[in-house]
Participant: 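This is the structure I have questions about; it appears just below.
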Protein chains: 2
Amino acid sequence: MLSSKRDIDRGLEQKKTIIIVGECTVSYAGRAASKLGPGERIVIIKPDGTFLVHQPFKTPPVNYQKTGTVFTTDYDGEKITITGRNKGEVLSVSFSRIIALHVLDLRDRQRSCVVGVESHLSDALAQDLSVIEEGLRPVKREGILPKGMVDIWAEDAQGNTVLIEVKRRKAGLNAVSQLKRYVEEVRKRKGSRVRGILCAPDITAHAKRFLEKEGMEYKKIEYEVGSTTKVANSRQKQAKLEKYF
Amino acid sequence: MLSSKRDIDRGLEQKKTIIIVGECTVSYAGRAASKLGPGERIVIIKPDGTFLVHQPFKTPPVNYQKTGTVFTTDYDGEKITITGRNKGEVLSVSFSRIIALHVLDLRDRQRSCVVGVESHLSDALAQDLSVIEEGLRPVKREGILPKGMVDIWAEDAQGNTVLIEVKRRKAGLNAVSQLKRYVEEVRKRKGSRVRGILCAPDITAHAKRFLEKEGMEYKKIEYEVGSTTKVANSRQKQAKLEKYF
DNA sequence: CGGGCTAGCTGCGAG
DNA sequence: CTCGCAGTTAGCCCG
């Protein structure tokens with residue numbers, strides 16, 4: 001155990017990536033507080049001060065601390081305790097037995113390149129608003145209001161302001177509330193008629209009812225991830241976008 | 001490499017916890033799609049079919065798959081590729097070099113016990129609504145509406161319906177929109193006056209303005225995590241809750 | 001910095 | 001199953 005502690009200390013000092021597998025208890029106090037009794041877990045400490053405790057099930061770590069954590073260690077003759085402190089939050093892991101320990105110098109300069117996120121869909125739509133409605137023309141992207149930011153700010157053939165909220169997946173009540181906030185805000189500022197259009201691949205029944213009751217509109221937008229960008233002709237029944245891969 | 005693949009296959013078959021550290025590329029396709037060039041990372045496969053890829057920085061995994069992933073492996077003479085499939089989503093990790101490999105049988109039956117989450121705060125408030133306002137009495141918890149569920153449904157001294165939304169941290173526009181939805185819904189159903197009170201330790205300026213413009217109220221609720229439950233006297237200027245530890 | 005928002009959000013709980 | 005929502009949400013980007 002003592003040599004393990006030395007290895008951990010060295011790894012912390014040299015900002016290495018540390019992986020510890022072992023039996024431990026965990027305690028956390030900060031925005032909330034938690035206790036976890038003894039069990040075998042995987043602990044990861046990253047050079048940037050990320051602190052993760054993984055149980056052998058579930059996707060998220062059972063406990064964690066974000067980038068910037070400052071570590072101290074202690075050995076009482078029986079247990080090695082690693083304590084991480086970060087902006088008033090404390091996470092402590094006490095190992096009674098260590099199964100595996102790695103102090104590594106991992107090299108990784110790559111950044112994940114993701115496609116198919118909302119901004120891409122929003123970009124593709126802004127590129128050709130006729131998918132939503134014929135005669136629609138863009139005024140600005142990301143109209144910033146005190147009450148948030150509209151995805152697309154446009155104008156219809158009649159000169160009405162049209163605020164468009166884009167969702168990449170099924171829209172719920174929250175999406176409608178968001179759009180409603182923007183529409184009401186702009187209605188108050190402009191005297192003219194202000195329309196709100198919610199674009200999403202789907203919408204829940206409650207959200208649809210709420211939307212229509214508030215005088216706003218839903219436009220189904222289907223899209224695919226994995227092929228070239230292609231905006232379907234707006235005369236087609238189904239608005240469809242194919243996105244970059 | 002071949003023996004590593006055999007170890008991995010055995011671990012997958014026997015539903016062990018597998019930790020692989022090595023140089024790899026990652027590709028994902030599903031709800032979105034992503035590519036990650038070569039670098040040294042930590043991969044964790046859990047017995048429940050959780051699949052995690054951690055770069056040596058940041059809190060969340062760069063790629064992941066949830067519980068229930070089905071794995072296949074391949075070795076082309078150079079690289080070991082592990083592919084996880086889960087509900088139409090595919091995550092593939094190709095190792096060109098393995099730095100460390102562990103196939104473990106981790107025993108952990110413990111569940112984290114967390115205190116200080118919203119439901120606790122909501123419970124404590126429902127216990128003594130006088131913290132919010134004198135004469136307030138509970139009607140029901142978690143009033144379920146087509147447009148969501150109110151945290152606390154109460155009645156004030158004058159017999160008005162009072163809907164209370166509780167937030168454990170600073171409330172923003174979204175919290176106000178939520179409460180507004182509930183209040184408008186209930187106003188439509190009941191003829192009587194319906195009040196909305198947002199309880200939170202803090203509120204943003206925009207949210208406060210929005211809230212008051214909509215005829216709703218803000219009540220500052222301070223609470224602590226870590227001591228015994230104690231509800232301060234409502235005559236005190238500051239409503240304060242101390243929560244279980 | 002705070003404020004508002006997306007996320008391959010995840011996970012939970014209610015209907 | 002779907003829907004709505006909390007989360008120690010985290011991370012991003014804008015003012």
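What you see below is based on every heavy atom in this structure, not just the backbone, and it leaves out hydrogens, waters and symmetry mates. Order of the sequence lines sets the chain letters (A, B, ...), proteins ahead of strands, with each chain counted from 1.
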Participant: Would you say dG2(C) has OP1 or OP2 under 4.0 Å from some side-chain N or O of T204(B)?
Facilitator: no
Participant: When we call it a touch if two heavy atoms are under 4.0 Å apart, what does R168(A) touch: a base, just sugar-phosphate, or nothing?
Facilitator: sugar-phosphate
Participant: Check whether any side-chain nitrogen or oxygen of K167(A) sits under 4.0 Å from OP1 or OP2 of dT6(C), and answer yes or no.
Facilitator: yes
Participant: Ignoring hydrogens, what is the shortest heavy-atom contact between L173(B) and P146(A)? Give both atom names and the distance.
Facilitator: CD1-O, 3.9 Å
Participant: Under 3.5 Å, is there a donor-acceptor pair between the side chain of N86(B) and the main chain of V70(B)?
Facilitator: no
Participant: Looking only at the side chain of I144(B) (C-beta and beyond, no hydrogens), which of the listed nucleotides dC12(C), dA14(C), dG8(C) gets closest?
Facilitator: dA14(C)
Participant: Roughly how far apart, to the nearest Å, are dG8(C) and dG4(C) at atom P?
Facilitator: 23 Å
Participant: What integer distance in Å separates Q55(A):CD from dT10(C):C1'?
Facilitator: 15 Å
Participant: Between C1' on dT2(D) and NZ on K87(B), what's the gap in Å once rounded to a whole number?
Facilitator: 14 Å
Participant: OP1 or OP2 of dG4(C) versus the side-chain N and O atoms of Q178(A): is any pair under 4.0 Å?
Facilitator: no
Participant: From CG of L198(B) over to P of dC5(D), roughly how many Å is that when rounded to an integer?
Facilitator: 14 Å
Participant: For the side chain of H206(B), counting heavy atoms from C-beta on, which of dA10(D), dG3(C), dT8(D) is nearest?
Facilitator: dG3(C)
Participant: What is the separation between atom NZ on K66(A) and atom C1' on dC12(D), rounded to the nearest whole Å?
Facilitator: 12 Å
Participant: Between K170(A) and dC3(D), is there a side-chain N or O to OP1/OP2 distance below 4.0 Å?
Facilitator: yes
Participant: I'd like to know if N63(B) reaches the base of dG8(C) with its side chain, counting only an N/O donor and acceptor under 3.5 Å.
Facilitator: yes
Participant: Does a side-chain N or O from R169(B) land closer than 4.0 Å to OP1 or OP2 of dT8(D), or not?
Facilitator: no
Participant: Given that P146(B) and M149(A) both sit by DNA chain D, which one's nearest nucleotide is further toward the 5' end?
Facilitator: P146(B)
Participant: Please state whether the phosphate of dG8(C), meaning OP1 or OP2, lies under 4.0 angstrom from any side-chain nitrogen or oxygen of K35(B).
Facilitator: no
Participant: Applying a 4.0 Å non-hydrogen cut-off, can you work out what E89(A) is touching in the nucleic acid: base, sugar-phosphate, or nothing?
Facilitator: base
Participant: Is the number of heavy atoms from other residues, nucleotides or ligands under 6.0 Å of R189(A) CZ greater than 12?
Facilitator: yes
Participant: Counting any heavy atom closer than 4.0 Å, what does G148(B) reach on the DNA or RNA strands: base, sugar-phosphate only, or nothing?
Facilitator: sugar-phosphate
Participant: I'd like to know if the side chain of Q65(B) reaches the main chain of E89(B), judged simply by a donor and an acceptor atom lying under 3.5 Å from each other, with no hydrogens or angles considered.
Facilitator: yes
Participant: Within less than 4.0 Å of OP1 or OP2 of dG11(D), is there a side-chain N or O belonging to T59(B)?
Facilitator: yes
Participant: Hey, which sits more toward the 5' end of DNA chain D by its nearest nucleotide, A207(A) or T67(A)?
Facilitator: A207(A)
Participant: From CG of N174(A) over to P of dC5(D), roughly how many Å is that when rounded to an integer?
Facilitator: 7 Å
Participant: Evaluate side chain to side chain donor-acceptor pair (under 3.5 Å) for T83(B) paired with D74(B), printing each intermediate quantity in order.
Facilitator: CA-CA 8 Å; T83(B) 302; D74(B) 178 69; over 6 Å; no
Participant: R181(B) side chain N/O closer than 4.0 Å to the phosphate oxygens (OP1, OP2) of dC5(D)?
Facilitator: yes
Participant: Across the strands shown, which category fits V62(A) at heavy-atom distances under 4.0 angstrom: base, sugar-phosphate, nothing?
Facilitator: base
Participant: Taking OP1 and OP2 of dG11(D), is either one under 4.0 Å from a side-chain nitrogen or oxygen of R111(A)?
Facilitator: no
Participant: Check whether any side-chain N or O of Y182(A) sits under 4.0 Å from OP1 or OP2 of dG4(C), and answer yes or no.
Facilitator: no
Participant: Can you measure H120(A) atom NE2 to dT6(C) atom C1' for me and round it to whole angstrom units?
Facilitator: 12 Å
Participant: Can you tell me if Y64(B) touches the phosphate of dT10(C), counting only side-chain N or O atoms and a distance under 4.0 Å to OP1 or OP2?
Facilitator: yes
Participant: Provide, to the nearest angstrom, the distance between the CD1 atom belonging to I152(A) and the P atom belonging to dC5(C).
Facilitator: 16 Å
Participant: Can you name the closest pair of heavy atoms from L121(B) and R168(B) and give their distance?
Facilitator: CD2-CA, 3.9 Å
Participant: Could you work out the separation of dG4(D) and dT8(D) based on their P atoms and round it to a whole Å?
Facilitator: 23 Å
Participant: For D202(B) and dG4(C), give me the distance from atom CG to atom P, rounded to whole Å.
Facilitator: 11 Å
Participant: Please check the phosphate of dC5(C) (OP1 and OP2 only) for any side-chain N or O of K147(A) closer than 4.0 Å.
Facilitator: no
Participant: Does the cation-pi check pass for R85(B) over Y28(B), that is, NZ or CZ under 6.0 Å from the six-membered ring centre and within 45° of its axis?
Facilitator: no
Participant: When you measure from the side chain of E118(B), which nucleotide among dC12(C), dA6(D), dG11(D) comes out closest?
Facilitator: dA6(D)
